Amino acid sequence: MQIVSTVQGQSNVCGIFGHPVGHSFSPVLQNTLFQALNLPAVYTAFDVSPAHLPAAVQGAFAMGILGLNITIPHKKEVMALLSGIDPLAAQIGAVNTLCRRENGFWGYNTDILGLKKCFALHGHSLKGASVLVLGAGGAANAAAFLAASEGAGHLYLANRTRAKAEALASQVQAHYSIAITVCPLEDLSALPTDLLVIQATSVGMGSWESPIQDISFWQNARFVVDIVYTPWETKTVHDARSQGAEAVNGFEMLIYQGIASAELWHGISVDDQTARTLCGLLADYYQNRKDTK
Ligand code: ATR
């Protein structure tokens, strides 16, 4: 038997609401971060069905829960249950982090902050850059708004269903005066070089596929972030690297969105070196987990 003194009466409780949520990596991520930074808090996962979401959010506030992550399928529905929403999260129309305030929870989108940190830590500025977003779903939405809010020079959107990319373009242009071109996924030959690319489709998740068939396209890319990280080296990352581009999978985004959530809950700022160290440690752990083999 061993004394466990890491969780005490004054410990703050944080967690994640999802349905299902058993696969979530966030408990390992957050408890590792809390311990590394000596934060008096504990984090766990709550399987909350859609019907119970209002009661769960209200109950969490009543119980003094400090902060929450919100994942599928609640990222939109939770917005009606909050006392305030960060403007960028409101524009995107999705909230993945709740932060305790005096009168209720405030909603944020740290998926976008995680992606922003990923670019920053690799030394690539979105300001003035030509940015290509592949996809037009929830992840692409966050990526497009990040590019616009960071002052990208030109935004290119390519999605299997063109109408969805056009709708996303209008949504972004309702908030930002940015040049946007919608292009077909099958023909990206008109795009300029030195592109920053965010692969935000679900293509390649658990399979050896990429949304771009002509791998010579990747010669136009400077830096590529693929939101997918299973398999660890996705076909998109593989193809991009083979054509000379710098490319990373979506694991860093996952870790950096978690760090951004913890920063909001605890009112702290995690320095770049700590963020990189945590990311490397968790990447090793994730790749060596028995159930990922
Ligand atoms: P998320 O919220 O994770 O972004 P989503 O909203 O389901 O997920 O969006 C999935 C994205 O992957 C969409 O852009 C989808 O394209 P469509 O809008 O045409 O459905 C894209 N996608 C999924 N399967 C694809 C495939 N086989 N080829 C190309 N794009 C695909």
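Bear in mind the structure is a predicted one, so any value in this text is a computation, not a measurement. Indexing begins at 1, ligand by ligand and atom by atom, following the structure's order. Note that the numbering runs from 1 along the sequence shown for the chain.
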| request: Measure the shortest side-chain to side-chain distance between Ile259 and Ile255 over non-hydrogen atoms and say whether it is less than 4.5 angstrom. | output: yes
| query | Between Thr201 and ligand 1, does any nitrogen or oxygen pair lie at a separation below 3.5 Å? | reply | no
| request: Identify the protein heavy atom lying closest to atom 9 (O) of ligand 1, giving its residue, its atom name and the separation to 0.1 Å. | output: Gly137 CA, 3.6 Å
| query | Do the non-hydrogen side-chain atoms of His52 and Phe46 ever get within less than 4.5 Å of each other? | reply | no
| request: Quick one: look at Val203 and ligand 1, take heavy-atom pairs under 4.0 Å, and tell me if it's side chain, backbone, both or neither. | output: side chain
| How close does the nearest protein non-hydrogen atom get to atom 1 (P) of ligand 1, and which residue and atom is it? | Gly138 N, 3.6 Å
| More than 12 foreign heavy atoms under 6.0 Å from CD of Gln35: is that the case here? | no
| Any N or O on Gly135 sitting closer than 3.5 Å to an N or O of ligand 1? | no
| said: Within a 6.0 Å radius of atom CD1 on Ile268, are there more than 12 heavy atoms belonging to other residues, nucleotides or ligands? | reply: yes
| request: Give the residue and atom name of whichever protein heavy atom lies nearest to atom 18 (O) of ligand 1, and the separation in Å to one decimal. | output: Asn159 ND2, 2.8 Å
| message | Under 4.0 Å and counting heavy atoms only, is there anything from the protein next to atom 7 (O) of ligand 1? | response | no
| task | Please indicate whether Lys116 has more than 12 foreign heavy atoms, meaning atoms of other residues, nucleotides or ligands, lying under 6.0 Å from its NZ. | result | no
| request: Name the closest protein heavy atom to atom 10 (C) of ligand 1, giving the residue it belongs to and the distance to 0.1 Å. | output: Ser202 OG, 4.0 Å
| said: Please report whether the ring centroid of Phe119 lies less than 6.0 Å from that of Tyr256. | reply: no
| task | Please could you name the atoms of ligand 1 that Lys164 approaches to less than 4.0 Å, counting only its heavy atoms? | result | 17 (P), 18 (O), 20 (O)
| Inter- and intrachain pairs under ring pair (Phe, Tyr, Trp, His ring centres under 6.0 Å), touching residues 75-109, at least two apart | Phe61-Phe105
| task | Please work out whether any backbone atom (N, CA, C, O) or any side-chain heavy atom from C-beta onward of Thr161 is under 4.0 Å from ligand 1, and answer side chain, backbone, both or neither. | result | both
| request: Compare Met205, Lys75, Arg160, Arg162 and give the one whose heavy atom is closest to atom 24 (N) of ligand 1. | output: Arg160
| message | Please tell me whether Phe223 and His124 form a close aromatic pair, meaning their ring centres lie under 6.0 Å apart. | response | yes
| request: Under 4.0 Å, heavy atoms only, figure out whether ligand 1 is touched by the backbone of Pro211, its side chain, both or neither. | output: neither
